[in-house]
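Scroll down for the structure; my scribbles are underneath it.
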Amino acid sequence: MNEISIFDAWAAWMSGHLSAHSTIWGVSIFWWGRIGKIMQVVGAGTIIADIIGPEKIRSFGASLQGAISPTVLTEFLKDCFEWYAVVFRHTFMKDYEDEPAVVKKRQSHLAIELLNYLVCFLLTAVVIVSLKLQPTGWNFLVEAMIIFGCLLVSVSPLVTVLVMVAFTVFGLTVDAVFIKSLAWVLEHPALDQLTKIASLLLLLVGFHFELLAS
């Protein structure tokens, strides 16, 4: 690695002899280009958010929070674990008592059932790729069906619940950390001008480093 100053880098760039192995402040030219792209995205995102306006952002955050509020999340997770308990009882414990009630509960969670089949299909594809099975002939179809069936009554239900929990937690995190924080920043007059200046600087500095790395 060849450590150079920012001025030497531009001089080498102008002459067409800037090496990709050169570093500025210990960071390679290649990574400065990536950092520049990220800075431009952040700057553009802030400007777009300012154009949309804090009121609309807060309204969107409120609607998102209403859709996945702690109460809704609690009920949602309750349904998930209730569905998993039914599946566990039916497949692992082989408990077929009160069969009509079990069937009725599973039908009430039709959306979760469909997601479970999708998750199982994806897991089957992962297993097939991992085992390097050749997708030709009847042997492959039989093996795929066996794998799908085994996953459907073992790993797939648990993964489905984990996926649903992860999505709900992600939604709450986005609302609490990003949407509300961004609206709060844009809503304060004292920070509004600074935000615009920072956005412009991010765009210019980001473009500067991306151009240098090109």
Notebook entry, point to check: Can you list every pair that meets side chain to side chain donor-acceptor pair (under 3.5 Å) and has a residue in residues 204-213, with sequence neighbours left out?
Noted result: Trp10-His208, Lys37-Glu210, Gln40-Glu210
Please report, to 0.1 Å, the donor-acceptor pairs under 3.5 Å made by any side chain of residues 142-150, with sequence neighbours excluded.
none

Notebook entry, point to check: When hydrophobic residues are tied together by side-chain contacts of less than 4.5 Å, even through go-betweens, does Leu204 share a cluster with Ile35?
Noted result: no
Notebook entry, point to check: Got a sec, which residues hit side chain to side chain donor-acceptor pair (under 3.5 Å) with Ser130, two or more places apart in sequence or on another chain?
Noted result: none
Check: Can you list the other members of the hydrophobic cluster that holds Val126, where links are side-chain heavy atoms under 4.5 angstrom apart?
Finding: none
Next item on the list: Search all heavy atoms of Phe140 against all heavy atoms of Ile128 and return the closest pair with its distance.
Entry: CE1-CG2, 3.7 Å
Check: When clusters are formed by joining ILVMFWY residues with side-chain heavy atoms under 4.5 Å apart, either directly or through shared neighbours, do Leu200 and Val41 land in the same one?
Finding: no
Next item on the list: Would you indicate whether the side-chain heavy atoms of Leu212 and Ile6 approach each other to under 4.5 Å?
Entry: yes
Note to self: Enumerate the salt bridge (charged side-chain N to carboxylate O under 4.0 Å, His left out) contacts for residues 15-32, please, sequence neighbours excluded, ordered by first and then second residue.
What the structure shows: none
Notebook entry, point to check: How long is the span from the CG atom in Leu211 to the CH2 atom in Trp32, to the nearest 0.5 Å?
Noted result: 15.0 Å
Check: What pairs meet the side chain to side chain donor-acceptor pair (under 3.5 Å) rule with one or both residues in residues 155-167, with sequence neighbours excluded?
Finding: Asn116-Ser156, Asn116-Thr160
Note to self: Same cluster or not: Val129 versus Leu118, using hydrophobic residues (I, L, V, M, F, W, Y) connected whenever any side-chain heavy atoms lie under 4.5 Å apart?
What the structure shows: no
